[in-house]
Every structure is written in C-alpha cells, then in structure tokens.
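Down below is the structure, laid out as structure tokens.
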Number of protein chains: 2
Amino acid sequence: MSKEKIVPKTLSGMMELLPKEQLKFEQIKKTLEEVYRLYGFFPLDTPVLEASSVLLAKAGGETEKQIYRFSKGDNDMTMRFDLTVPLAKYVAKNAGELSFPFRRYQIGKVYRGERAQKGRFREFYQADIDIIGDGKLSILNDAEIPSMIYDIFTKLGLDDFTIRINNRKVLNGFYELLSLSEKSQDIMRTVDKIEKIGKEKVIAELELLEITPEDAEKITQFISSTATNEEAFEKLSAYIGKNEQYDKGVEELKAVIDAIGMFGVPAKNYKVDLSIARGLDYYTGTVYETTFNPHPEIGSICSGGRYDELASFYTDRHLPGVGISIGLTRLFYILDEMDYISEAYVAPSDVMILPMVDDNSYVIALSSKLRAAGIKTQISAESGKMKAKLNYANRQGIPFVIFVGEDEMATGKITLKNMDTGAQESFDAEAAAEHIINYVNGKNTKKIINIK
Amino acid sequence: MSKEKIVPKTLSGMMELLPKEQLKFEQIKKTLEEVYRLYGFFPLDTPVLEASSVLLAKAGGETEKQIYRFSKGDNDMTMRFDLTVPLAKYVAKNAGELSFPFRRYQIGKVYRGERAQKGRFREFYQADIDIIGDGKLSILNDAEIPSMIYDIFTKLGLDDFTIRINNRKVLNGFYELLSLSEKSQDIMRTVDKIEKIGKEKVIAELELLEITPEDAEKITQFISSTATNEEAFEKLSAYIGKNEQYDKGVEELKAVIDAIGMFGVPAKNYKVDLSIARGLDYYTGTVYETTFNPHPEIGSICSGGRYDELASFYTDRHLPGVGISIGLTRLFYILDEMDYISEAYVAPSDVMILPMVDDNSYVIALSSKLRAAGIKTQISAESGKMKAKLNYANRQGIPFVIFVGEDEMATGKITLKNMDTGAQESFDAEAAAEHIINYVNGKNTKKIINIK
C-alpha cells in the first residue's frame with residue numbers, strides 16, 4: 001500500500017514550461033545574449049538574495065508591499081525585485097575594480113509578490129543592458145542601446161516594432177517655458193493617457209489641474225505624434241532659444257536620432273515621440289519605449305533611458321548611465337499565447353539512433369562520431385517496439401532517425417530517415433552527418449518569432 | 001550636502017564575481033550546456049520558489065534547518081535547496097505530457113542557509129543531468145552519464161580526473177552474503193573513511209559495530225582499491241552465485257564499465273571503486289563519484305547514481321532514473337583559487353574602435369560591419385586621452401584596437417593594433433575583420449582550465 005501522495009503543484013505566478021516551450025524560450029534568450037555579447041557587454045550575475053537594507057535603500061510604498069522579504073539568523077534578506085538596484089550596489093561596491101564605461105547585461109529572475117492573475121508573474125526574467133560612466137557618459141551610448149534592441153528584435157523575427165524616443169530635458173524645459181514646472185509630474189501622467197482616452201478628455205483633465213485652455217492646447221499639440229522625425233524636430237524648433245534645459249534636450253535628442261540612423265536602424269523602427277515620459281523619477285535625459293505594432297494594447301515591450309545618478313544611495317561618486325530592459329517572461333508569454341513562436345527550435349536532438357542489434361559498440365561509436373561533428377544525438381536505448389520509438393522521435397520533433405541493424409554494421413552504411421518528409425536513404429556515416437548538418441542548418445535559419 | 005550612504009555590501013555566502021571572473025565562469029557554464037545539448041538533453045528551468053509542502057515532502061532534519069522558508073499571503077514557500085526535488089515534482093506533475101525517457105539538464109541556483117565560511121556558499125549553482133524512464137530504463141544510460149562527464153571535463157581542460165563507479169546492489173548483496181544487512185548503513189559509513197583514517201582504524205571501528213575480525217577483514221579487503229577494472233571484476237567473481245542481488249549488481253556494473261569504454265572514455269578516467277556508496281538512501285544501483293586527482297582533498301567534484309523511484313512522494317508511477325550533479329559554484333571557486341583558470345576568455349570584446357574624428361558615421365558603420373562578421377565590437381565613445389583609452393582596452397584584455405582618423409576615413413584603410421603583441425598594421429575593413437577572427441579563434445581553442 002502506498003503512502004498518501006502530495007500533489008506536485010507549482011506555485012501560481014511562476015512560469016514553468018513544458019520542454020518544447022522551454023526550448024523556444026531558450027532560443028529567444030540565446031539571441032539576446034548573442035547580441036549583448038556582440039556589443040561587448042559583460043554578463044553580470046548578482047545574487048537573487050540581497051540584504052534588505054541594501055535592496056530597499058530607495059524603495060518604498062508599492063515596492064515594499066510586493067517584495068519577498070524574510071529573516072534567517074542575523075540576516076534580513078529580500079529577493080531582488082529588479083536588476084537595477086543590484087547593479088547600483090555592484091557598481092558602487094566595485095567601482096575601484098571596474099573599467100568605465102562599464103557595459104553589462106544581466107538576464108535574471110526577479111520577484112514580485114503581486115496578486116496572481118493570468119499573464120502576471122511573481123517570478124520572471126528581466127533582460128537588462130546598461131552602460132555606466134564614471135562622471136560622464138557620451139550621448140552616443142543613448143543611440144547604441146536602441147540599436148541593439150533593433151538588432152535583437154529583427155534577429156528574433158519581431159519586425160514590426162517602433163522604438164519611441166524622447167528626452168526628459170525637452171519635457172522639463174517645455175514645462176518650465178510654460179511656467180508649469182510644479183505641475184509637470186501631474187501633466188505628464190495626464191497626457192500619458194492621450195492614446196487611450198483621446199485629446200478632448202486630456203484637455204478636460206488638464207483644466208482640472210488649473211491649466212489654461214491655451215496651455216492645454218499647447219501641451220496636447222506639443223506631445224501629439226508627428227508623421228516623421230523631421231516634422232518632430234520642426235515642431236521642437238519653435239521653442240528653441242528660450243530655455244537652456246529645453247535646448248540641451250533637443251540637442252541630445254537630435255544626436256541620438258541621428259546616430260541611430262548611422263547604426264543602420266531603418267526609419268520605420270524608431271521615432272521621436274514627445275508623449276513618452278517614463279514614470280520613474282530617476283530618468284534625466286533620453287527615454288525609450290517600444291511598441292509591438294500589431295498589438296499596441298500590450299504596452300511597451302522594452303523601456304528605459306538615461307539617468308544621472310545610478311548609485312546615489314550608496315556612493316557620492318557620480319555614475320551616470322543609460323539602459324533598457326526587456327520583460328522577457330511576459331514578452332514570451334504574450335508571443336506564445338498568440339502562437340507567434342516558431343516550432344523550428346523545439347527538438348532536443350537532431351538525430352536519434354535506433355539500434356536493432358544487441359551489440360551496442362557500433363551504435364555508441366556512431367553516436368560519438370556524430371556528436372564530434374556537432375550533431376545533437378541521442379540513442380534510443382530502451383527495449384520496445386519500433387513504432388513506439390518512432391513516435392517518441394516524432395512527438396519531440398527530432399528530425400532524423402538512424403536505423404542500425406546487422407546489415408548496416410556489416411556494410412558500414414546506415415539508414416537515415418527524415419521524420420519531417422518520411423524520406424529514407426542509405427549513407428555512410430560521414431555523408432549522413434553532412435546530410436543532417438545541412439538539413440538542420442537550413443531549419444536554424446528560420447526566425448524564432450513568426451508573425452503570421 | 002549628501003545624505004548618509006548605505007554600504008553597498010553583498011550577503012556573505014553569495015558568490016558575486018568581478019567581470020573577468022564572471023566571464024571565466026560563463027565559459028565553463030557554456031561548455032557544460034554545449035555537451036548537455038549534444039547528448040539531446042532538455043534545458044529545464046523550474047522556479048526558485050516552491051510550495052514548502054511540495055519541496056519538503058521528503059526532507060527532514062538537516063535539510064529543514066538549512067532552508068530559506070517564508071510565508072507571504074496564503075503561500076508557505078521555500079527556496080529550492082537542490083534541483084532533484086523540483087525535477088521529481090516536474091516529472092510527476094507533467095508525466096502525461098512528457099516523452100520518456102525524459103532527458104533533462106538544469107543549471108540553476110540553489111539555496112542553503114548554512115553557516116557561512118570560506119568556500120561554502122548559501123547560494124550556488126548546481127548543474128544536474130538526469131534521464132528518467134517510465135517504468136524501466138536501460139542500463140546503457142548509466143554509462144552515458146559518466147561519458148558526458150568525461151566529455152565535459154576534458155573539454156574544460158580538467159584532464160586528470162577519475163570517475164569512480166560502484167553499484168549499490170553489489171554492496172547490499174555483499175552485506176547480505178555476510179548476514180550483515182542490518183548493519184550495512186553503519187558499515188558503509190565507516191568504510192567510507194578508509195582513505196582518510198586508514199585500514200587499521202576502520203577495522204577497529206568495525207569491531208565496535210560487533211563485526212567479527214574475519215568479516216572486518218573481508219569487508220576491508222572487498223572495498224580496497226584495485227589497480228585495474230579487470231582485477232576488480234576478478235575480486236567480485238569470488239562471490240558470484242551466492243546472492244541474487246549481488247549477481248545482478250555485478251552484471252550491471254560490468255555492463256556500465258564495458259559501455260563506458262565503447263563511449264571512448266580512456267581507461268585512466270574511470271574505474272570500479274567498491275568503496276563508493278553515496279550517502280543518499282535513494283540510490284539503488286550504479287553510483288558515481290569523481291576525483292580531481294591533483295587535489296583529492298577537495299572530495300568528489302561530480303556525483304550521482306541510479307535510483308528506482310524519482311517521485312514516489314508525488315505519484316505511484318514508477319519513474320526510475322539515473323543522474324549526476326556538478327556543484328558548479330564550488331568547483332569554480334576551488335579552481336579559481338588555485339589559479340587554474342585561463343585568462344583566455346576574459347575579454348568582453350574582440351575589438352575596440354577608437355575614433356579620432358568627430359563625425360561618428362564611419363566609425364558606427366564599421367562597428368556594424370564587424371559585428372555582422374561575428375566580432376564582438378565596442379566603440380570608445382567617451383572624450384578623453386588616447387592613453388587612458390588604450391589602458392581601458394588593456395585592463396579588460398581586449399585583444400585589438402582600431403584607430404579611425406581623417407586618414408583612415410579618406411583611404412578606407414584602418415589601423416589595427418594587437419594589444420597582446422603591440423603590432424600595428426593597416427588593413428581595409430574586410431581584411432581587418434578576417435585578421436581579428438583568425439586571431440580570436442586561435443585564442444578560443446585554448447582550454448578554459450589550465451592545470452600547470
């Protein structure tokens with residue numbers, strides 16, 4: 001009699017994938033890593049657990065409520081809720097040992113104890129890139145970051161996206177110009193809704209903030225979208241020469257937009273959007289949001305910007321930076337739900353060897369030979385029916401099966417079956433390896449995201 | 001006046017690496033992943049947090065004391081302390097959706113709230129591989145697992161290691177033969193110390209367990225090491241035919257040892273070691289430990305074995321498996337402390353472009369061209385002295401710097417400086433790319449572990 005069993009459940013809000021979905025996720029993650037590395041970024045890996053005093057140095061309100069915090073022994077610990085605070089700690093702690101500009105990426109799990117609901121995660125991957133300067137940081141970095149995002153999304157196959165770019169100095173300067181600096185936070189929060197609720201309602205809400213109809217008109221006119229970046233800069237030029245911060249912001253925005261073009265990003269994939277403000281207080285210059293155009297309703301899929309002080313809670317050292325973050329788990333979840341992710345990368349192996357003899361020596365030697373050629377190979381070692389074994393390969397999307405029987409061992413030829421087409425051919429081992437590699441390489445040129 | 005600063009400390013027992021060390025670690029991790037994938041293993045990624053009821057189904061005693069457990073809302077949660085229990089949960093939960101044998105690897109962080117001390121970690125990576133069968137699992141898998149370990153360690157450069165292999169059925173059968181089954185746990189715990197305390201003291205301790213001098217002699221004789229596997233099997237043959245479990249164990253051990261040879265593992269890297277028992281109760285057949293021969297004092301660097309029931313706490317389904325685990329963080333720490341890890345992989349970029357002109361268009365286009373060729377490229381965008389920039393490249397081990405000035409832009413030639421040798425040459429962009437690739441590929445043939 002067996003003991004009572006415990007239900008093997010996974011906590012809600014935690015993404016745990018079946019093998020095929022996991023392989024899709026890995027392919028996306030790998031693409032991010034490849035691009036990050038191509039741009040010379042370090043793969044940082046900070047602990048999931050940090051001292052609460054360190055992690056919550058600047059937090060408060062909502063953050064405090066959502067964290068996983070606990071004590072053990074003398075340690076009051078919190079699971080990280082983003083990758084920015086750990087970066088700030090790391091840079092402040094190791095500033096003497098790092099070379100600046102410090103370029104790092106980190107793809108790691110972060111934790112937020114939010115109320116669980118469909119598509120909301122309590123444990124999720126963020127993929128962050130940041131460039132941190134020591135005292136100063138060239139504006140060129142503000143252009144490089146979105147260019148990397150362009151590379152990543154096009155490599156993935158997510159072609160129809162727009163990186164929207166603005167500059168906080170432009171906004172702050174503009175509100176200064178209108179003598180509305182004190183209300184600028186409220187105004188930005190209001191105009192942020194313009195796409196959802198429309199211009200009329202935004203004007204009505206602005207008037208509740210005691211903004212004159214003239215100013216409300218100026219504001220909505222200012223943040224309204226333009227067809228081209230040239231038009232945006234034309235609009236911006238109307239206010240030039242009246243406010244230093246504003247002028248500086250326009251200059252930076254122009255430098256960023258120009259350099260993004262030099263990085264080869266097509267005009268359709270980036271645009272000045274004067275309505276973008278980003279909620280976080282610490283952005284001080286360039287800000288980014290990214291729209292996946294077929295589905296604007298999912299919000300920004302990649303956001304970030306320039307900040308003046310990365311680590312002011314830990315150090316007096318002036319550490320300006322620029323960075324961007326992809327909410328990888330959420331993005332994957334959305335794309336997978338929409339059935340946009342290709343099945344091209346779901347096979348655990350390129351080939352399964354199916355022995356029809358008891359002597360394993362030939363089969364094992366063959367498997368070693370195929371692996372040495374870079375072919376992902378597994379041996380079907382279990383006893384059982386041929387049909388069940390072919391089903392096993394089929395269900396997993398393994399593209400090839402090799403049959404090894406007495407004949408094959410005697411002649412040195414093997415029988416290779418293409419599971420996609422059903423075609424079956426006889427090869428010697430080298431030719432079989434080449435055939436497999438060519439076919440799999442052909443499959444691997446497919447983009448992982450395939451928007452129908 | 002600045003506010004009081006918080007000290008940016010990292011919790012003790014958490015490995016947080018500086019960039020160069022992190023890149024070494026990543027290179028090792030990547031090698032593991034490559035081999036795991038070549039053998040057709042799935043990259044599983046389960047949550048760090050699990051329901052305490054699920055994770056602690058079988059735990060008790062020491063495990064319970066060392067865990068990080070806390071509650072939030074209705075959830076009583078624990079951070080995983082190994083990757084085996086989450087695997088058991090995953091397989092039991094998803095058995096209907098998985099294809100068996102289920103081959104998975106997982107490289108993930110696990111947590112143990114141990115007393116902090118040098119070289120002991122509270123957060124550390126384990127790298128696990130397991131093959132799970134549905135009802136049955138061929139003994140060939142027990143040979144494949146150590147063959148993968150051989151591939152990994154030799155690819156890493158950790159050549160002088162020995163995978164020690166035994167079979168629990170052999171041991172259990174042997175103690176049955178001597179009518180010492182009831183004491184077998186105590187005996188195994190005692191004889192496990194033979195290398196540390198010597199044969200005499202082991203015999204003395206065995207006598208304390210009320211084992212006759214004759215049996216104590218038989219036991220120490222049995223578990224004593226042999227020069228070759230042939231000798232080991234000769235010794236084993238003396239007891240054949242007297243106990244069914246024993247005979248079965250010897251048969252399995254023989255099959256495993258034979259097949260490891262077929263996988264091409266050299267005789268010096270594996271051996272029958274009848275003293276290996278593995279503490280964990282759940283191993284039922286093959287068991288492995290791995291000695292890094294220059295430093296036996298660090299203990300087994302890779303251990304595992306065969307178990308009959310992976311998930312009996314969650315399901316009645318009979319799920320036998322075989323697996324092995326590398327304590328990656330600890331292994332890295334030890335090798336790095338011993339200065340055994342090569343500096344070949346510590347550069348974040350292959351090349352840094354150093355512009356000496358204000359117009360960035362040429363430099364940016366060049367960076368895109370180099371990246372398209374697969375070259376890890378960064379632009380030195382900051383203003384500042386040439387010498388400081390070369391120092392930046394040097395400190396990070398970036399092997400090449402490209403100078404772009406008016407001349408270079410006019411002629412289309414660039415000046416490439418090899419930072420390792422100091423050599424400086426003029427190339428057109430394509431030739432420069434080829435030169436960089438060849439040089440970097442040469443470096444990348446170096447093994448990451450380099451035992452002097």
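Proteins get letters first, then strands, A, B, ... in listed order; numbering begins at 1 in each. Worth knowing before you read on, the calculation uses all heavy atoms, side chains too, and leaves out hydrogens, waters and symmetry mates.
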Go through Leu44(A), Thr315(A), Asn94(A) and name the one with the most non-hydrogen pairs under 4.5 angstrom from chain B.
-> Thr315(A)

Could you give the distance from OH (Tyr362(B)) to CE (Met262(A)), rounded to the nearest 0.5 Å?
-> 14.5 Å

Heavy-atom pair count under 4.5 Å with chain B, highest-scoring of Met79(A), Gln378(A), Glu382(A), Lys136(A) | Glu382(A)

Out of Leu49(B), Val54(B), Asn75(B), Thr46(B), which one racks up the most heavy-atom pairs below 4.5 Å with chain A?
-> Leu49(B)

Ranking Gly73(B), Ser138(B), Ser367(B) by heavy-atom pairs under 4.5 Å to chain A gives rank one to Ser138(B)

Spacing of Ser349(B) atom OG and Arg37(A) atom CZ [to the nearest 0.5 Å] | 8.5 Å

Donor-acceptor pairs under 3.5 angstrom involving side-chain atoms of residues 6-20 of chain B: please list them, not counting sequence neighbours.
from     : atom 1 : to        : atom 2 : distance (Å)
Thr10(B) : OG1    : Lys89(A)  : NZ     : 2.7
Thr10(B) : OG1    : Glu16(B)  : OE1    : 2.7
Glu16(B) : OE1    : Lys89(A)  : NZ     : 3.2
Glu16(B) : OE2    : Lys89(A)  : NZ     : 2.7
Lys20(B) : NZ     : Arg395(B) : O      : 2.9

Looking only at Phe102(B), Phe25(B), Phe263(B), most heavy-atom pairs under 4.5 Å shared with chain A are made by Phe263(B)

Here the gap from Asp258(A) atom CG to Asn360(B) atom CG, rounded to the nearest 0.5 Å, amounts to 10.5 Å

Drop me the distance from Ser71(B)'s OG to Tyr68(A)'s OH, to the nearest 0.5 angstrom.
-> 11.0 Å

Specify which of Gly374(A), Ala259(A), Ser147(A), Ser383(A) makes the most heavy-atom pairs with chain B at under 4.5 Å.
-> Ser383(A)

So which of Glu26(B), Glu97(B), Gln22(B), Arg122(B) has the largest heavy-atom pair count under 4.5 angstrom toward chain A?
-> Gln22(B)

Could you tell me which portion of Leu137(B) (side chain, backbone, both or neither) has an atom closer than 4.5 angstrom to a non-hydrogen atom of chain A?
-> both

So, does Lys376(A) use its side chain to make a donor-acceptor pair with the main chain of Tyr39(B) at under 3.5 Å?
-> no

Side chain from CB out, backbone as N, CA, C, O: work out which of these in Ala143(B) comes under 4.5 Å of a heavy atom of chain A, or both, or neither.
-> neither

Comparing Pro101(A), Ala381(A), Ser361(A) against chain B, the one with the most heavy-atom pairs below 4.5 Å turns out to be Pro101(A)

Between Arg371(A) and Glu144(B), is the closest basic N to carboxylate O distance under 4.0 Å?
-> yes

In terms of heavy-atom pairs under 4.5 Å with chain A, which of Val35(B), Ile364(B), Leu38(B) leads?
-> Leu38(B)

Chain B contact via Ala311(A) - which portion, at a heavy-atom distance below 4.5 Å | neither

What residue in Asp350(A), Leu23(A), Asp45(A) has the most heavy-atom pairs under 4.5 Å with chain B?
-> Asp45(A)

Please check if the side chain of Glu123(B) supplies one atom and the backbone of Val48(A) the other of a donor-acceptor pair under 3.5 Å.
-> yes

With side chain to side chain contact (heavy atoms under 4.5 Å, CB included) as the test, would you mind laying out the steps for Phe42(B) and Gln396(A) before giving the verdict?
-> CA-CA 11 Å; Phe42(B) 271 120; Gln396(A) 296 191 88; 3.4 Å; yes

Checking Asn141(B) against chain A: side chain, backbone, both or neither under 4.5 Å from a heavy atom?
-> side chain

Let me know if Ser368(B) has heavy atoms under 4.5 Å from chain A in its side chain, its backbone, both or neither.
-> side chain

What pairs meet the salt bridge (Lys or Arg N to Asp or Glu O under 4.0 Å) rule with one or both residues in residues 70-79 of chain A, with sequence neighbours excluded?
-> Arg69(A)-Asp76(A)

Using heavy atoms and a sub-4.5 Å threshold, report which of residues 103-112 of chain A line up against chain B, by residue number.
-> Arg103(A), Lys109(A), Tyr111(A)

Within-4.5 Å side-chain heavy-atom neighbours: Met77(A) and Phe70(B) | no

Heavy-atom distances under 4.5 Å only: say whether Tyr125(B) touches chain A with side chain, backbone, both or neither.
-> side chain

Among all residues two or more places apart in sequence or in another chain, which pass the salt bridge (charged side-chain N to carboxylate O under 4.0 Å, His left out) test with Asp151(A)?
-> none

Best-contacting candidate, Met352(B), Glu34(B), Glu50(B), against chain A by heavy atom pairs under 4.5 angstrom | Glu50(B)

Okay, Val346(B) and chain A: the region with an atom under 4.5 Å from a heavy atom over there is backbone

